Amino acid sequence: MRKSVVTLAVTVTVGFGTIFGGTSVITEAASISSLKGEQNKLQEQRSDLNSTINQKNNQISELQNQQADVKSEITRLDYAITDSTNKIKEKTAKLESTKAEIMKLQGQMEVIKDRIEKRNVLLKDRARSYQETGGMVNYIDVLMGSENFSDFVDRANAVVTIMQADQAILKEHEADKQELETKQNEVKTNLDSLEKMVSDLQTLNQQLSAQKAEKDKLLASLKEQENEAHEGVMDLQEQDALLAAQQAAIQKAISMEQEAQARAAAEAAEAAKRKAASSSSSSSTSSSSSSNQVSSGATPGVSSGYWTQPAVGYLSSGFGTRGSERHVGVDIANRAAVPIVAAADGVVIRSYLSSTYGNCIFISHSINGQVYTTVYAHMTTRLAGSGAVVKKGQQIGVMGNTGASHGQHLHFELHKGPWTQDKRFAINPVGIVPLP
């Protein structure tokens with residue numbers, strides 16, 4: 001059951017009662033005019049409702065379009081997240097591979113460092129005066145220390161050989177140092193590049209995930225708005241259905257009023273003929289009225305006047321404030337499943353099962369030109385359907401404990417005018433409707 005079974009109050013109730021009351025034709029004609037006026041009001045309200053329903057449907061379409069756009073964006077983000085995740089895995093694997101290469105290069109660099117160290121020792125031993133930065137070794141002393149020319153030649157050849165060997169060692173030394181520096185720089189550059197790439201991809205992935213979370217949140221909000229709009233349309237459609245039902249009931253009341261007028265005119269004409277035919281004689285006709293009680297004892301006797309007691313029992317709760325809530329009716333309780341009867345002549349506006357009222361019936365009445373609405377709630381059984389014409393004292397249900405009820409009873413409401421969601425027209429039935 002939706003948040004309110006009748007969100008639009010019974011804004012116009014069916015003016016009805018002269019059908020059973022036997023008033024003048026003038027009063028009946030006025031009643032028909034009034035009912036037609038109420039029909040026009042109902043049609044205006046239905047037009048407004050249908051306009052609102054169209055607006056709601058347009059809102060739903062717009063919300064659905066927005067959802068489609070958001071879903072498309074979420075799909076794009078999903079693809080982007082998947083792509084970035086795959087790249088993160090790929091670059092992370094590459095990073096691990098690079099780290100393995102680094103370990104291998106570190107081993108190679110240790111070998112190079114060892115070779116460089118050994119050369120340093122060799123060069124120090126063989127040419128202490130030769131510097132790694134390119135200084136020259138003074139071999140003059142070596143040559144000048146020769147004892148003879150032959151020794152000089154031998155020494156000169158030895159110096160040349162040593163110098164050539166030293167130059168080769170130095171070149172190798174420089175090459176190893178350059179290779180070491182190049183590999184160190186290369187490894188560092190590759191490692192830094194991969195680490196930055198993985199970091200950037202992780203940041204992008206986080207941003208995409210955050211965007212997707214926002215889109216998911218937006219989509220959920222749009223869906224909630226659409227659901228609320230659908231509920232609003234359903235409530236408005238229910239209101240329109242209620243107005244349509246009231247229009248049909250009013251049309252029925254108008255037809256019955258017209259039939260009553262025709263019968264009254266025919267009876268008046270027949271009476272005039274009888275009076276003209278027998279002006280000297282008079283006759284009286286006594287008539288007896290019979291009630292529509294379903295059973296004796298359990299059903300209250302039909303009272304004279306417009307109103308009668310709706311059920312047999314005791315008054316368990318009155319009209320007014322009850323605890324923290326406003327009790328807009330009276331409760332008639334009885335341990336037995338006693339009949340519920342219509343409190344006055346009228347037309348059933350609605351007969352249905354409510355989550356709060358339980359099995360309930362709304363009846364519209366017209367008493368001396370004043371529209372009233374009565375409500376009968378928590379019944380175990382309903383015996384009158386929507387649109388039914390009922391008479392005062394006619395059984396319409398059986399007392400029960402359905403809906404938001406605690407204990408078997410009849411919750412009875414009287415509204416001077418329409419039934420509204422806020423129940424602003426509810427009045428205390430005590431002193432108007434006969435009660436236990």
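If you read the sequence from its start, that first residue is 1, and numbering goes on from there. Remember, it's a predicted structure, so these values are computed and weren't measured experimentally.
The distance from atom CZ of Arg382 to atom SG of Cys360, rounded to the nearest 0.5 Å, is 7.0 Å. Rounding to the nearest 0.5 angstrom, the gap separating the NZ atom in Lys391 from the CD1 atom in Ile396 is 15.5 Å. With rounding to the nearest 0.5 angstrom, the CD atom of Glu228 is 8.5 Å from the NZ atom of Lys56. With values rounded to the nearest 0.5 angstrom, Thr92 atom OG1 is found 13.5 Å from Lys87 atom NZ. Atom CG in Leu201 sits 5.5 Å away from atom CD1 in Ile88 (nearest 0.5 Å). Note: His411 NE2 to Thr356 OG1 = 9.0 Å, rounded to the nearest 0.5 Å.
For the pair Pro429/Leu435, a side-chain contact is recorded, criterion being any heavy-atom separation below 4.5 Å from C-beta on. Inter-residue side-chain proximity for Val341 and Thr299 is flagged as met; some heavy-atom pair is nearer than 4.5 Å. Residues Tyr306 and Tyr372 fail the side-chain proximity criterion, which asks for heavy atoms closer than 4.5 Å. Under the 4.5 Å side-chain criterion, counting only non-hydrogen atoms from C-beta, Phe362 is in contact with Tyr357. Using a 4.5 Å cut-off on side-chain heavy atoms (C-beta onward), Gln67 and Lys223 make contact. Counting only heavy atoms from C-beta outward, the side chains of Lys212 and Asp78 approach each other to under 4.5 Å. For the pair Pro436 and Val312, the minimum side-chain heavy-atom distance is 4.5 Å or more. Here the side chains of Ile74 and Asp216 are in contact, with some heavy-atom distance below 4.5 Å.
Without hydrogens or angle criteria, Thr402 side chain to Asn359 main chain gives a donor-acceptor distance under 3.5 Å. Between the His409 side chain and the Gly407 main chain, a donor and an acceptor come within less than 3.5 Å of each other. Remark: side-chain polar atoms of Asn86 are paired, donor with acceptor, to backbone N or O of Thr82 under 3.5 angstrom. Between the side chain of Lys392 and the backbone N or O of Gly305 there is at least one donor-acceptor pair closer than 3.5 Å. Not a single donor-acceptor pair under 3.5 Å links the side chain of Gln66 to the backbone N or O of Leu222. Side chain of Tyr376 to main chain of Ala343: a donor-acceptor pair is present (N/O by atom type, distance under 3.5 Å, no hydrogens or angles). With hydrogens and angles ignored, the 3.5 Å screen pairs a side-chain donor or acceptor of Gln408 with a backbone N or O of Arg335. Between the side chain of Ser84 and the backbone N or O of Ala80, at least one donor-acceptor pair lies under 3.5 Å. Of the possible donor and acceptor atoms, one in the side chain of Ser386 sits under 3.5 Å from a partner among the backbone N and O of Ser351. No donor-acceptor pair closer than 3.5 Å links the side chain of Thr308 to the backbone N or O of Ser304.
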Item to check | Evaluation steps, side chain to side chain donor-acceptor pair (under 3.5 Å), between Gln225 and Ser221 | outcome: CA-CA 6 Å; Gln225 292 178 50; Ser221 174; 3.2 Å; yes

Next on the checklist: Would Val233 and Gln237 count as a side chain to side chain contact (heavy atoms under 4.5 Å, CB included) here? Give the steps.
Outcome noted: CA-CA 6 Å; Val233 169; Gln237 288 173 339; 3.5 Å; yes

Checklist entry - Step by step, would you call Lys217 with Glu214 a salt bridge (Lys or Arg N to Asp or Glu O under 4.0 Å)? => result CA-CA 5 Å; Lys217 184 177 179 181; Glu214 287 297 321; 5.3 Å; no

Checklist entry - Do Glu226 and His230 pass the side chain to side chain contact (heavy atoms under 4.5 Å, CB included) test, and can you show the C-alpha distance, the side-chain angles, and the key distance before you say yes or no? => result CA-CA 6 Å; Glu226 183 188 356; His230 277 299; 3.2 Å; yes

Checklist entry - Could you go step by step and tell me if Leu77 and Lys215 meet the side chain to side chain contact (heavy atoms under 4.5 Å, CB included) rule? => result CA-CA 9 Å; Leu77 288 170; Lys215 295 298 181 181; 3.8 Å; yes

Next on the checklist: Run Asn334 and Tyr314 through side chain to side chain contact (heavy atoms under 4.5 Å, CB included) and show every step you take.
Outcome noted: CA-CA 7 Å; Asn334 197 317; Tyr314 64 94; 5.9 Å; no

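Scanning all heavy atoms of the two residues, the minimum distance from Ile367 to Ala344 falls at CD1-CB, 4.5 Å. Summarising the geometry of Ile361 relative to Val348, their closest heavy-atom pair is CG2-CG1, 3.9 Å, with the distance given to 0.1 Å. Of all heavy-atom pairs spanning His378 and Gly358, the tightest one is ND1-N, 4.4 Å. Between Ile60 and Ala229 the shortest heavy-atom distance is CG1-CB, 3.5 Å. Listed here is the closest heavy atom pair of Ile332 and Pro310: CD1-CG, 3.9 Å. Gly318 approaches His327 most closely through the heavy-atom pair O-ND1, 2.7 Å.
Glu413 and His415 form a side-chain donor-acceptor contact under 3.5 Å, judged by distance and modelled atom types alone. For the 3.5 Å distance criterion, the side chains of Gln207 and Thr203 fail to qualify, holding no donor opposite an acceptor. In this structure, a donor-acceptor pair under 3.5 Å is present between the side chains of Ser317 and Arg322. A donor atom on one side chain and an acceptor atom on the other are found under 3.5 Å apart for Asn205 and Thr85.
With a 6.0 Å cutoff to the six-membered ring centre and a 45° limit on the axis angle, Arg76 does not count as a cation-pi contact of Tyr79.
The environment of Lys423 atom NZ is dense: over 12 non-hydrogen atoms of other residues, nucleotides or ligands sit within 6.0 angstrom.
His365 pairs with exactly one of Val347, Asp345, Thr374 by the side chain to side chain contact (heavy atoms under 4.5 Å, CB included) rule, that one being Thr374. Under the side chain to side chain contact (heavy atoms under 4.5 Å, CB included) rule, Val330 has a single partner from Leu315, Val433, Leu414, which is Leu315.
Here Asp200 pairs with Lys196 in a salt bridge; the nearest charged N to carboxylate O distance falls below 4.0 Å.
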